[in-house]
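See structure below.
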Amino acid sequence: MSAASLEPCADTVPPAPFSLPPLPAAMPSSPPDVSQVLLPLGGLVGREVDLDAFLQTLVDRIAITLQADRGTLWLLDPVRRELFSRAAHLPEVAQIRVKLGQGVAGYVAEAGEPVHVPDPRGERRFFADIDRMTGYCTISLAAVPLRDSAGAVYGVLQVLNRLGGGAFTQEDTQKLTDIAAQVSTALQTTSLYQELQRAKDQPQAPVGYFFNRIIGEAPPLKALYRLVQKAAPTDATVLLRGESGCGKELFARAIHVNGPRRDKPFVKVDCAALPAALIENELFGHEKGAFTGADHRVPGKFEAADGGTVFIDELGELPQAVQGKLLRVLQDREFERVGGTQAVKVDVRIVAATHRDLPRMVAEGKFREDLYYRIKVVELLLPPLRERGAEDIERLARHFVATAAKRHRLPVPRLSVAALARLKRYRWPGNVRELENCIESAVVLSEGEILEEHLPLPSLDRALSPGAPTAPEAPAAAPDAPLLLPLAEVERRHILRVLEAVKGNRTAAARTLEIGRNTLARKLKEYGLADEG
């Protein structure tokens, strides 16, 4: 490409600056200090937030701090060796991709060093095709690498065109480098970063990020994400239904932090963890003298959550005597404390969850029908883990391996093929919570690699659903007797051992086993490994 073809914005007038969101009223009119760039976002980092909104706000703050017209957060696709714009001021196109080494951002990602370009004319690293694609005119730019805790580059921060004219300076580039260190620390606490890391080990699976700390791409989960995105910005009461351990509290928090009450309290009440006699007092508080020992007024959870969200977990355990008071809160937003006569007004949003069959409880007279219809304004049914498919189990398993290793200050172990196959075959009656505990135990017990024997799982997988008949147990063998296994299990273990030995190469494994590659693929499909390379 000739130097002339790299001339940006030839014979064009620079367009009007892209309109950034205004600074909050509480912020000074001058650019905020670099150390405070993440301050407005601190309450959301590491929680169940909509990552698209989080990252866009992050880019907004960076652009404002550097007095730039536009900002871009690029992330590295480790499989295609490309950078893609994950959050950016790009009203013209949905996303931009550049090859590693292509353009200023690609150079920064490949070389791992910051770059500032006071004038892109004649700059060999400038990739003018992006301006041609968007119709934008780049006058100056600065870009710096994003590095993880191990020093590896996984993204780039870039700003374009200083507001008011002029070019970015070396001092601006240093500011952007300081900001990148803050941003990288924040991003590494999110599931976005862990998904990027997982993509290195599982390149055939798509990388996706919906809500931070909620991992999964199964169709039922994607439908839930869409419903949460619709319900969260409103004040609608939400009922979450699903088996124990499938993530109801995570979704409740996602609804709260993605709604208008995000800066107000999120207060949880677990009805299953409290004696029935204390639930009313816990929810509504009591007046002085309400009972023996009540020597002063105590507010309840509803008052503590005023302006925010009350999450009522295990709603099905709520005593019928208290159901009427909850109905009054839903209808009139008021209640009386235990022992009180004066109505207390509250402004709260209610999100409830249960694993119980509420319609059946209504039919049996154990749950108020009017309360049931009042509380299920928006009803979300969370799928059990066994219905989410092998890919989601693997995503979650790899996520929990990374978080458990970090929590216990251990090197991140590798998941063996056999262990992963075992995880995918198991039915998970305890759902995501059981998987998390299983992985944590395996991380602690393993030495560099998680093997099948490190998984604290029963010897025989349980039936599809809790309460269903279980498969008969094999007769106990004498202490010195050899382990007796079905022929299919012997074959499965041998095939997996061969795959381990050839590092997952199916062609080599088929040759060693003296079977066809298609036969091997069919057998692996039977073992739940059809999605493996």
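Quick note: residue numbers are just sequence positions, from 1.
For the residue pair Glu449/His454, the side-chain donor-acceptor check at 3.5 Å is not satisfied. Judged purely by distance below 3.5 Å, without hydrogens or angles, the side chains of His89 and Asp69 never pair a donor atom with an acceptor atom. Inspection of the Gln174 and Asp178 side chains reveals an N or O donor paired with an N or O acceptor under 3.5 Å.
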Test side-chain contact (heavy atoms from CB on, under 4.5 Å) applied to His355 and Arg241, step by step: CA-CA 6 Å; His355 72 282; Arg241 292 180 56 203; over 6 Å; no

Trp74 and Phe84: CA distance, side-chain angles, deciding distance, side-chain contact (heavy atoms from CB on, under 4.5 Å) verdict: CA-CA 5 Å; Trp74 300 87; Phe84 60 97; 5.6 Å; no

Is there a side-chain contact (heavy atoms from CB on, under 4.5 Å) between Leu358 and Leu315 once you walk through the steps? CA-CA 9 Å; Leu358 291 187; Leu315 176 72; 4.2 Å; yes

Could you walk me through whether Leu221 and Asp392 satisfy the side-chain contact (heavy atoms from CB on, under 4.5 Å) test, starting with their C-alpha distance in whole Å, then the side-chain angles of each, then the deciding distance to 0.1 Å, before giving a yes or no? CA-CA 10 Å; Leu221 230 56; Asp392 267 14; 3.9 Å; yes

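The pair Lys345-Asp332 fails the salt-bridge criterion, with no side-chain N (NZ, NE, NH1 or NH2) lying under 4.0 Å from an Asp/Glu carboxylate O. A salt bridge between Asp235 and Arg261 is present, with a side-chain N of the basic residue lying under 4.0 Å from a carboxylate O of the acidic one. Ion pairing between a basic and an acidic side chain is recognised when a charged N comes within 4.0 Å of a carboxylate O; Arg388 and Glu217 show no such pairing. Salt-bridge annotation for Arg356 and Glu317: present, with a side-chain N of the basic residue lying under 4.0 Å from a carboxylate O of the acidic one. Of the charged side-chain nitrogens involved, none lies within less than 4.0 Å of a carboxylate oxygen, so that Lys325 and Glu336 do not count as a salt-bridged pair.
Annotation: side chain of Ile179 is in contact with side chain of Thr65 (closest heavy-atom distance under 4.5 Å). By the 4.5 Å heavy-atom criterion applied to side chains, Pro319 and Ile279 are counted as neighbours. At least one side-chain heavy atom of Asp357 sits less than 4.5 Å from a side-chain heavy atom of Pro359. For the pair Arg414/Ile450, no side-chain contact is recorded, criterion being any heavy-atom separation below 4.5 Å from C-beta on. Under the 4.5 Å side-chain criterion, counting only non-hydrogen atoms from C-beta, Val322 is not in contact with Cys271. Contact check for Val378 versus Thr237: no side-chain heavy atoms found under the 4.5 Å cut-off. Residues Ile215 and Phe400 fail the side-chain proximity criterion, which asks for heavy atoms closer than 4.5 Å. At least one side-chain heavy atom of Arg349 sits under 4.5 Å from a side-chain heavy atom of Ile255.
Taking CG of Leu157 as the reference point, atom CD of Gln182 lies at 10.5 Å (rounded to 0.5 Å). Here the straight-line distance linking atom NZ of Lys222 with atom CZ of Arg226 works out to 8.5 Å at 0.5 Å rounding. Atom CZ of residue Arg297 and atom CZ of residue Arg337 lie 4.0 Å apart, to the nearest 0.5 angstrom. Annotation: the span from Cys438 atom SG to Tyr426 atom OH amounts to 8.0 Å, rounded to 0.5 Å. For the atom pair CG (Asp313) and CG (Leu318), the distance works out to 12.0 Å, reported to the nearest 0.5 Å. One distance of note links CG of Leu420 with CD of Glu452; it measures 11.0 Å at 0.5 Å rounding.
Checking side-chain atoms of Glu334 against main-chain N and O of Arg328 turns up no donor-acceptor pair under 3.5 Å. No donor-acceptor pair under 3.5 Å is formed between the side chain of Asn431 and the backbone N or O of Arg433. Between the side chain of Lys248 and the main chain of Glu243, a donor-acceptor pair closer than 3.5 Å is present. Side chain of Ser446 to main chain of Ala442: a donor-acceptor pair is present (N/O by atom type, distance under 3.5 Å, no hydrogens or angles). With His296 contributing its side chain and Glu287 its backbone, the two residues share no donor-acceptor pair below 3.5 Å. Using a distance-only test at 3.5 Å, with no hydrogens or angles considered, no donor-acceptor pair links the side chain of Glu440 to the main chain of Arg407. Checking side-chain atoms of Asp347 against main-chain N and O of Asp306 turns up no donor-acceptor pair under 3.5 Å. Lys376 places no side-chain N or O within donor-acceptor distance of the main-chain N or O of Val238, the cut-off being under 3.5 Å. Between the side chain of Arg333 and the main chain of Val348, a donor-acceptor pair closer than 3.5 Å is present. The backbone N or O of Arg147 lies less than 3.5 Å from a partner atom in the side chain of Ser184, making a donor-acceptor pair.
A tilted orientation is assigned to the rings of Phe284 and Phe335, their planes being inclined by 30° to 60°. Note: Tyr225 and Phe251 have parallel aromatic rings, judged against thresholds of 30 and 60 degrees for the angle between ring planes. In this pair, Phe367 and Tyr372 present their aromatic rings perpendicular. The plane angle is above 60°, beyond the 30 to 60° band.
Listed here is the closest heavy atom pair of Phe168 and Asn161: CE1-N, 3.3 Å. Shortest non-hydrogen contact noted between Thr173 and Ala142 is OG1-CB, 4.1 Å. In plain terms, the two heavy atoms of Phe302 and Ile312 that are nearest each other are CZ-CD1, 4.4 Å. Closest non-hydrogen pair, Ala352 versus Ile375, comes out as CB-CD1, 3.9 Å. In this structure, Pro413 and Val401 approach most closely via the heavy-atom pair O-CG1, 3.6 Å. Leu224 and Pro383 make their closest contact through CD1-CD, 3.7 Å (heavy atoms, listed as atom of the first residue, atom of the second, distance).
Applying the 6.0 Å contact sphere to CD of Glu364 captures more than 12 heavy atoms from other residues, nucleotides or ligands.
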